[in-house]
Amino acid sequence: MYKIAVIPGDGIGKEVMEATLHVLEALDVDFEYKFADAGDEYAEKTGVALPQETIDIVKDTQACLFGAAGESAADVIVKMRQELDLYVNLRPVKSYPGTNSLFDNLDFVIVRENTEGLYIGLEEYTEEGAIAKRVITRKASERICRFAFEYAKKTGRSKVTAVHKANVLKKTDGLFKEIFYKVAEDYPETGLDDRYVDATAMFFVTRPDMFDVIVTTNLFGDILSDEGAGLVGGLGLIPSANIGEKQGLFEPVHGSAPGHAGKGTANPSAMILSAVMMLDYLEENEQARRLENALVEVLNDGKVVTRDLGGQSSTMEMAREVRRKLEE
Ligand code: NAI
Ligand code: MG
């Protein structure tokens, strides 16, 4: 029995969450759900987007499923990453059949440092303009690189690539690169290399199959993961994980999509795949593969899918079809 925090949030977040909980019922895993509030709607009622009670609930569970927030997303998700020290942002770049992925058979992951770099928010105006500080610490670099190698080992991936710009950012990325190679000494069985971020951006488009696990700093990881999302087609399909020492928070990359909200037109795949990532995190790998395969069958059939995938079905119809495959 796993204790799971469930935060549906706003807009389509609620709909894709309902769809995902529906398919999870068909798995051979028991969950005890703790529902919690966050987002615009909750803020309208109470004045706060992320109540302390929600943070406490998440801290008291093993993992959290998060739908989406609206305009308050920064106050909710960014704050949650900080409060829970979710220092890893894990984004798979995986192509599925029946989608408009630009490549077939793509399967790599981006491990993005989630707590520092240029996103630490140390900006100031100067007489000439403005300055932003980029903070790279030994501690954060070491733990993100270690996570990447451990992840590769655990998931049977053969190579970790550090992405940086150490030729220009000699001190900050110089340090990141140095720590990467130092951590790598503990993983002699895993292949490794390092690349400049600009070249990496090009290789994503020309030869994306060269990557297996990428580890990088915050801003580069943010940009490359959106480029990765573009490679495998559409926000309705892309899951993510935020992972710390004690918790994991799993969420689709998309937001509350107000244009789709309340219409039953949202694609539940990104949220379902976020649940697949949660199952892997909980080491329920067999159940994770079962769920992923059921979704792949539905995508492959292409019959009971949402409009963004060229179908006519609603969010819940697609979820019921995934569940039917699971129960077959
Ligand atoms: P969005 O991801 O909500 O939607 C952008 C467009 O992508 C939609 O109009 C829709 O065409 C498509 N789309 C997204 N998810 C889809 C799905 N599951 N099925 C079918 N189509 C889908 O991003 P947008 O419009 O920039 O932001 C809307 C709201 O969401 C904003 O208030 C923003 O702050 C918030 N947001 C929240 C995030 C979070 O909670 N983590 C992340 C991104 C945005
Ligand atoms: Mg982003």
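For ligands, and for the atoms within them, numbers begin at 1 and follow the listed sequence. For reference, positions follow the sequence shown, starting with 1.
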Colleague: How would you list, by chain and number, the residues with a heavy atom under 4.0 angstrom from ligand 1?
Modeller: I12, F66, A68, A69, G70, E71, A73, L235, G236, E251, V253, H254, G255, S256, A257, P258, H260, A266, N267, D308
Colleague: Tell me whether R81 is salt-bridged to E251, with the criterion being a basic N under 4.0 Å from an acidic carboxylate O.
Modeller: yes
Colleague: Once salt bridge (Lys or Arg N to Asp or Glu O under 4.0 Å) is applied, what residue pairs with a partner in residues 159-168 remain, sequence neighbours excluded?
Modeller: K159-D193, K165-D198
Colleague: Apply salt bridge (Lys or Arg N to Asp or Glu O under 4.0 Å) to D56 and list each qualifying residue two or more places apart in sequence or on a separate chain.
Modeller: none
Colleague: Going by the side-chain contact (heavy atoms from CB on, under 4.5 Å) test, name the single residue among T99, V298, N267 that passes it with V305.
Modeller: V298
Colleague: Using the benzene-type ring in the case of Trp, are the ring centres of F149 and F180 under 6.0 Å apart?
Modeller: yes
Colleague: Hydrophobic clusters join Ile, Leu, Val, Met, Phe, Trp and Tyr when side-chain heavy atoms are under 4.5 Å apart, directly or via other members; which others share one with M80?
Modeller: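 ILVMFWY cluster around M80 also holds I7, L50, I55, V58, F66, V76, I77, V78, L84, L86, L249.
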